[in-house]
Amino acid sequence: MNWKKHTLLIAIIAMIFLIALYAKQYLYGAHRDIASEEATLELSAQALATEFITNQEEASKTFLDKVITVYGKKTAQESMSIVLADQVQANLLNDHPIDFSMGEVLYLKGRIIGYDELLEMVKIDQATQIIKK
Amino acid sequence: MNTNKLYYMQIVFVVFLNMAVGHAQEKYLDKNGDITFEASEKLFEEVKATNQQVTAIINIKTGEIAALALMKGFRFKNSLMEEHFNENYMESESYPKAVFKGTIIDFDFSSLTEVAQTFTTKGTLALHGKEKEVTTILLIQKESNSISITGDFKVTPEDFAIEIPKIVKNKIAKEVVVHIAFNMTVK
């Protein structure tokens, strides 16, 4: 009887501990690690922009939050961002130097956050794996 | 006759070129502007997010200003809060952006200095399918080859028909303070 009580008590404590752990994980879980995710799609900067220009609503449903690989000629850059084909602005995850020249075709992976009508560009954040092909 | 025609065409070309260049220099642009909003309540977890990829354009001739922030670009410390912000409150897939369009009253580019001056700005903020008139004071200064604009204004979730569930109502401030910081260069 006494032994049974003990086991029950331990089981309950273990259960509470597990629930607390699970709750903590749920409430304060880590952010999505975009850098380690595989790209689900590969397309040109132009093709991506065209999707948004032709049907923004549909494209938002399809592409928002998706991790993709996009490629195009580098047409501009600022400290933390690269512009591809004047149609996609990708902000880099890490502060590494951008040592690519204008006009070079670059591939990069990142998360689509939406279409910016003021710039007329698709914006991407947390871009990594910037390669010249 | 032919040389005359060519001559006229050249003039037209130069005039158009001047117009194009003149037009370009009227606009200053920031592709990576900052907007931070905070709706924290004392004793509760911070409700705060920053978007560092905001686009802002100003026409220095007319004082017209426009800014666009993509909802998915707002990053929270807490990932669950970010998820709720996008899925339950802003419904970012249906309303992916916040757009402000307005005018800086009595804006005069030539009077800008390296010391920040205050300007009243009136405009409309559109997000979550709703629009609201916003009037705010902006601090504007000229730096070597850029214009820096900062300011704060307040909005409420009700302004934009954003429903806050009862269970979290006391954890989110009634008024949301929005802070903007743009550093614009010639487009």
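Worth saying up front: this structure is predicted, and the values here are computed from it rather than measured. Within every chain, numbering begins at 1; the chains are lettered A, B, ... in the order of the sequence lines, protein sequences first and strands thereafter.
For the residue pair B/N183 / B/S146, a side-chain donor-acceptor distance below 3.5 Å is found, with atom types taken as modelled. In the model, A/D125 has no side-chain atom that pairs as donor or acceptor with a side-chain atom of B/Q53 under 3.5 Å. With no hydrogens or angles considered, a side-chain donor-acceptor pair links B/E38 and B/S40 at under 3.5 Å.
Of the listed residues (A/K132, A/K74, A/K133), just one forms a side chain to side chain donor-acceptor pair (under 3.5 Å) with A/E104, and that residue is A/K132. The only option from A/K109, A/K66, A/R32, A/R111 that meets the side chain to side chain donor-acceptor pair (under 3.5 Å) definition with A/E37 turns out to be A/R32.
Contact annotation for B/S92: only backbone heavy atoms (N, CA, C, O) come within less than 4.5 Å of a heavy atom of chain A. Interface remark: B/A69 contributes no atoms to any contact with chain A (heavy atom separation under 4.5 Å). Heavy atoms closer than 4.5 Å to chain A are found in both the backbone and the side chain of B/K31. Only the side chain of A/Q56 comes within contact range of chain B, with at least one heavy atom under 4.5 Å from a heavy atom of that chain. Looking at B/Q52, only its backbone comes within 4.5 Å of chain A, counting heavy atoms on both sides. Neither the backbone nor the side chain of A/A59 comes within less than 4.5 Å of any heavy atom in chain B. In this structure, chain B has heavy atoms under 4.5 Å from both the backbone and the side chain of A/Q89.
Taking the centre and axis of the six-membered ring of B/F109, the NZ or CZ atom of B/K142 falls inside the cone set by 45° and 6.0 Å.
In terms of heavy-atom pairs under 4.5 Å with chain B, the best-connected choice from A/N91, A/L64, A/D65 is A/N91.
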